[in-house]
Amino acid sequence: AVTVGIAAGVDLDRDHLHGHVVAVAEATAPNINSMLADRRKKARTEIDFINGAIVRKGDELGIEVQVNRTLARLMSAIETSYALQVE
């Protein structure tokens with residue numbers, strides 16, 4: 001994601017971002033994130049707006065983003081299978 005952002009002209013500092021992500025993850029560890037909450041409600045998540053956007057921009061710039069693509073596909077598969085899931 002950072003590689004795509006930098007290639008798109010966004011001024012990003014990898015070390016600062018990494019530290020910030022770790023700090024936020026530690027501070028919010030007990031929380032249930034919005035994507036999990038949506039998944040539990042069998043609602044559409046924001047995966048397309050997050051990882052999907054990175055995939056689209058990566059494709060546009062010729063940058064392979066396998067992890068983001070896989071996450072987006074997996075979450076989309078879960079969303080499309082909601083009706084088939086057994087409680």
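The first residue in the sequence is number 1, and the count goes up from there.
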Where [X] and [Y] come nearest, the two heavy atoms and their spacing:
X	Y	value
Ala72	Gly52	CB-N, 4.4 Å
Ala1	Asn68	N-OD1, 4.2 Å
Pro30	Ala27	CD-O, 4.3 Å

Find the distance between [atom1] ([X]) and [atom2] ([Y]) and round it off to the nearest 0.5 Å.
X	Y	atom1	atom2	result
Asn51	Leu74	CG	CG	10.5 Å
Asn33	Thr28	CG	OG1	8.5 Å
Leu36	Lys41	CG	NZ	10.5 Å
Arg56	Leu61	CZ	CG	13.0 Å

Worksheet item: Linking I/L/V/M/F/W/Y whenever their side-chain heavy atoms sit closer than 4.5 Å, directly or via other members, would Ile63 and Val67 fall into one cluster?
Response: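 Hydrophobic grouping puts Ile63 apart from Val67.
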
Worksheet item: Does one hydrophobic cluster hold both Ile54 and Leu71, with members joined at side-chain heavy-atom distances below 4.5 Å?
Response: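 No; Leu71 is not reachable from Ile54 via cluster members.
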
Item to complete: Please assess Glu60 against Val4 for the test side-chain contact (heavy atoms from CB on, under 4.5 Å), listing each intermediate value before the final yes or no.
Response: CA-CA 10 Å; Glu60 178 185 316; Val4 170; over 6 Å; no

Worksheet item: Is any side-chain heavy atom of Glu79 less than 4.5 Å from a side-chain heavy atom of Asp38?
Response: no

Item to complete: Evaluate the criterion side-chain contact (heavy atoms from CB on, under 4.5 Å) for residue pair Met35 and Arg39; output intermediate values, then yes/no.
Response: CA-CA 6 Å; Met35 204 171 303; Arg39 216 288 303 138; 5.9 Å; no

Show me the donor-acceptor pairs within less than 3.5 Å that the side chains of residues 7-20 make with the rest of the protein, sequence neighbours left out.
residue: Asp13; atom: OD1; partner: Asp15; partner atom: N; Å: 3.0
residue: Asp13; atom: OD1; partner: His16; partner atom: N; Å: 3.1
residue: Arg14; atom: NH2; partner: Thr3; partner atom: OG1; Å: 3.1

Discussion item. With side-chain contact (heavy atoms from CB on, under 4.5 Å) as the criterion, how do Val65 and Lys57 come out once you've worked through the C-alpha distance, each side chain's angles and the decisive distance to 0.1 Å?
Written reply: CA-CA 10 Å; Val65 287; Lys57 194 62 166 179; over 6 Å; no

